[in-house]
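Contents: one structure, followed by commentary.
Please read all numbers here as calculations on a predicted model, not as lab measurements.
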Amino acid sequence: MAAEKVRVRFAPSPTGPLHMGGVRTALYNYLFAKQQGGDFILRIEDTDQTRFVPGAEQYIIDSLKWCGIVPDEGQGFGGNYGPYRQSERKEMYRQYAMQLIENGHAYYAFDSAEDLDRVRQMAKDAGSPNWQYNHVTRNSMKNSLTLSSAEVQKRIDAGEPYVIRIKLNRNEEVKFEDIVRGWVSVNTNNMDDKVLFKSDGMPTYHLANIVDDHLMEISHVIRGEEWLPSAPLHVLLYRYLGWEDSMPQFAHLPLLLKPDGNGKLSKRDGDRLGFPVFPLEWHNPESGEVFSGYRENGYFAPAFVNMLAFLGWNPGTEQEIFSLSELVEAFSLKKVNKAGARYDHDKTRWFNQQYLRLLDDETLAELFTSYASEQGQEISVEKALAIASLMKERAYFIKDLWEESQFFFGGVEEYDEKTLRKKWNEEARTHVAKLRSIFSNIEDFTSANTEAAFKSYLSENELGFGKVGPGFRLALTGKGMGPSLFDICAILGKEASLKRLDQALEKLP
RNA sequence: GGCCCCUUCGUCUAUCGGUUAGGACGCCAGGUUUUCAUCCUGGAAAGAGGAGUUCGAUUCUCCUAGGGGCUGCCA
């Protein structure tokens with residue numbers, strides 16, 4: 001067991017888009033696998049055929065790829081342990097359920113869904129909210145423990161639907177050691193005889209995940225905390241199937257909590273609070289509803305991944321910016337926190353800003369150019385580079401570069417009302433007019449030259465920058481704030497700059 | 001309700017019994033800047049409560065409270 005190869009799996013069910021909590025689970029699996037020189041496997045858990053959502057599986061694959069968390073093996077990625085879709089493994093599960101029946105650890109149950117509803121309701125009416133199919137109640141239900149074997153056989157032969165349930169011993173302490181939580185212990189008296197095999201011929205998650213993890217030689221099960229309560233059941237299944245010696249190690253991850261109020265982050269929270277909860281935009285094929293995605297909102301995948309990595313884990317140093325390969329190196333399941341982590345959108349934005357700054361000007365200019373192009377604006381490489389480097393420090397997203405630099409394109413259409421009211425007057429008009437004529441004489445219209453001319457105008461007239469700057473900016477860009485006026489002049493060029501000053505002198509009061 | 005898990009600044013977190021309890025986001029103030037942003041400096045801000053163990057508990061144990069998860073022929 002010590003020398004066995006690390007093999008971990010991410011096993012989502014394709015019932016909708018993968019949300020960021022799922023992505024983080026995948027990420028931790030990936031980081032652990034890569035660090036240990038192991039394999040990361042994608043398995044699709046589609047044993048509930050009633051909840052199948054078209055497109056969800058592809059969405060999961062696309063999301064992982066976008067994040068750079070690419071499986072070594074699994075659905076869509078090949079491998080020697082396939083198929084990797086549980087629905088395609090359907091025939092493999094029955095024999096294990098039968099094995100459990102034969103060795104006395106499972107039994108047939110013929111109670112219909114309606115029967116169970118009725119019993120649960122009766123229990124509830126009697127003041128007990130939690131009826132369980134367990135070691136005491138099973139004695140009054142229709143199953144192979146209460147029915148004669150002839151009767152059981154008769155029902156099966158007649159094609160009567162049945163499920164197979166695990167048979168738990170009473171008052172047995174089930175313990176296992178979780179990598180993040182330490183020893184966890186549950187008594188079987190508090191567990192129920194879970195269905196392992198459904199009447200539609202499909203296994204439930206519980207059976208399928210044990211069989212597949214065993215057959216796929218999974219070494220570590222890293223999953224969300226919502227699975228903690230059923231982990232003891234899984235331990236028992238390994239035991240009853242005779243696989244306890246090669247049972248994977250468990251690591252149950254803390255949940256991602258919503259930023260406000262209580263509870264875990266859910267798909268509705270994002271659009272309610274103004275941030276995406278999904279990596280990629282998702283169009284619900286049935287309702288037509290659209291859920292926003294990080295990618296479409298302009299987040300860099302590495303920033304998104306970096307942020308997720310820190311929700312529930314940290315390296316113990318003060319470094320916060322980590323590339324995926326640095327995360328692989330630094331990651332440790334032992335340093336994963338136990339308590340749920342509340343999502344903080346401001347921090348996510350900050351991560352994105354950090355990644356934007358890490359980009360060199362050329363790359364930034366390229367991204368800016370293609371963004372502008374999508375908006376219908378073609379920009380020369382030279383101009384894109386100038387604008388990108390000028391605006392870089394004030395941007396969180398590529399789209400900020402575009403939105404904050406609108407005044408570079410297509411002239412000034414309107415003037416900021418507040419600045420106009422406060423800063424534009426007869427005096428400002430005079431200064432702009434004079435500067436216009438001074439600027440018209442500058443041969444080489446560089447930032448340094450316009451600045452020198454502007455400053456000497458100020459000193460000659462004993463003026464402060466504040467007297468002239470705001471009005472000049474308003475005339476040049478229509479705005480009350482922004483980057484260096486002279487850099488703007490240089491990017492606009494002499495002709496366009498003068499034209500704007502003329503326009504302002506003409507249009508403004 | 002039952003069971004399981006959890007509990008350090010508003011948020012993410014560091015601390016492997018002895019620290020002025022550190023960092024980051026956010027917030028506030030000051031400085032730089034024509035302005036805004038950036039940047040720099042500073043500030044406010046935390047061990048849920050109660051017992052116990054110990055020379056000494058944020059750290060170990062227990063109780064209480066609070067939070068979360070699970071409680072389906074869903075995963």
Mind checking the [atom1] distance from [N] to [M]? Whole angstroms is fine.
N      : M      : atom1 : result
B:rU8  : B:rC3  : P     : 24 Å
B:rG1  : B:rC62 : P     : 23 Å
B:rU19 : B:rA46 : C1'   : 15 Å
B:rC25 : B:rC70 : C1'   : 32 Å
B:rC4  : B:rG50 : P     : 26 Å
B:rA48 : B:rU32 : C1'   : 43 Å
B:rC60 : B:rG23 : C1'   : 26 Å
B:rU20 : B:rU33 : P     : 39 Å

Write down the partner of [N] under the Watson-Crick or G-U wobble criteria, each distance required to be under 3.5 Å.
N      : result
B:rC27 : B:rG43
B:rC70 : B:rG2
B:rA21 : none
B:rU7  : B:rA65

**Report entry** Side chain to side chain, A:R272 and A:K258, heavy atoms closer than 4.5 Å
**Finding:**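 A:R272 reaches A:K258 side chain to side chain.
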Between [X] ([atom1]) and [N] ([atom2]), how many Å, whole number?
X      : N      : atom1 : atom2 : answer
A:L476 : B:rU34 : CG    : P     : 16 Å
A:L168 : B:rC3  : CG    : P     : 17 Å
A:D344 : B:rU13 : CG    : P     : 11 Å
A:L228 : B:rC4  : CG    : C1'   : 6 Å
A:R94  : B:rC73 : CZ    : P     : 18 Å
A:M202 : B:rC73 : CE    : P     : 17 Å
A:R342 : B:rC6  : CZ    : C1'   : 13 Å
A:E318 : B:rC25 : CD    : P     : 11 Å

Heavy atoms from C-beta onward define the side chain here; which of [options] lies closest to that of [X]?
X      : options                : value
A:N337 : B:rU7, B:rU35, B:rU13  : B:rU13
A:A341 : B:rU13, B:rU35, B:rG68 : B:rU13
A:K198 : B:rC6, B:rC73, B:rG2   : B:rC73
A:V184 : B:rC4, B:rC6, B:rU34   : B:rC4
A:E226 : B:rC25, B:rG69, B:rC6  : B:rG69
A:R473 : B:rU71, B:rU34, B:rU38 : B:rU34
A:V186 : B:rG26, B:rC3, B:rC73  : B:rC3
A:R181 : B:rA14, B:rC5, B:rU34  : B:rC5
A:L485 : B:rG26, B:rG2, B:rU34  : B:rU34
A:W350 : B:rU7, B:rC25, B:rC73  : B:rC25

By the 4.0 Å heavy-atom rule, please label [X] as base, sugar-phosphate, or nothing.
X      : result
A:S128 : nothing
A:R357 : sugar-phosphate
A:G127 : nothing
A:R120 : sugar-phosphate
A:V163 : base
A:K264 : sugar-phosphate
A:A113 : base
A:N314 : sugar-phosphate
A:G263 : sugar-phosphate
A:K423 : nothing
A:S199 : base

Query raised in the report: Within the distance-only criterion (no hydrogens, no angle test), does the side chain of A:N143 pair as donor or acceptor with the backbone N or O of A:R138 below 3.5 angstrom?
Result: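 Yes, A:N143 side chain to A:R138 backbone: donor-acceptor pair under 3.5 Å.
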Query - Nearest-nucleotide comparison on RNA chain B, the residue closer to the 5′ end among A:S112 and A:S185 - result: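 Its nearest nucleotide being more 5', the pick is A:S185.
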Query raised in the report: A:G316 or A:P259: which one's nearest nucleotide on RNA chain B is closer to the 5' end?
Result: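 In this pair, the answer is A:P259.
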Centroid-centroid under 6.0 Å between [X] and [Y] rings:
X      : Y      : result
A:F454 : A:F465 : yes
A:F439 : A:F472 : yes
A:F291 : A:F278 : yes

Query raised in the report: Taking atom types as modelled and ignoring hydrogens, do the side chains of A:H214 and A:Y96 form a donor-acceptor contact shorter than 3.5 angstrom?
Result: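 No - no donor-acceptor pair under 3.5 Å links their side chains.
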**Report entry** NZ or CZ of A:R349 within 45° of A:Y396 ring axis and under 6.0 Å
**Finding:**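 Judged by the rule (NZ or CZ under 6.0 Å from the ring centre, within 45° of its axis), A:R349 counts as positioned above A:Y396.
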Requested in this report: Please say whether the positively charged group of A:K399, taken as NZ for Lys or CZ for Arg, lies over the ring of A:W402, i.e. under 6.0 angstrom from the six-membered ring centre and within 45 degrees of the axis.
Outcome: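 No, A:K399 does not lie over the aromatic ring of A:W402.
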Report task. Would you tell me if any nitrogen or oxygen in the side chain of A:K335 comes within less than 4.0 Å of OP1 or OP2 on B:rU15? Result ->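 Yes, such a contact exists.
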Requested in this report: Would you say whether A:F465 stacks on B:rU34? The test is a distance between ring centres of less than 5.5 Å and an angle between planes of less than 30°.
Outcome: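 Yes; by the centre-distance and plane-angle rule, A:F465 counts as stacking on B:rU34.
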Query raised in the report: Under a 4.0 Å N-O cut-off, is there an ion pair linking A:D213 with A:R9?
Result: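 Looking at A:R9 together with A:D213, the answer is yes, because their closest N to O distance falls below 4.0 Å.
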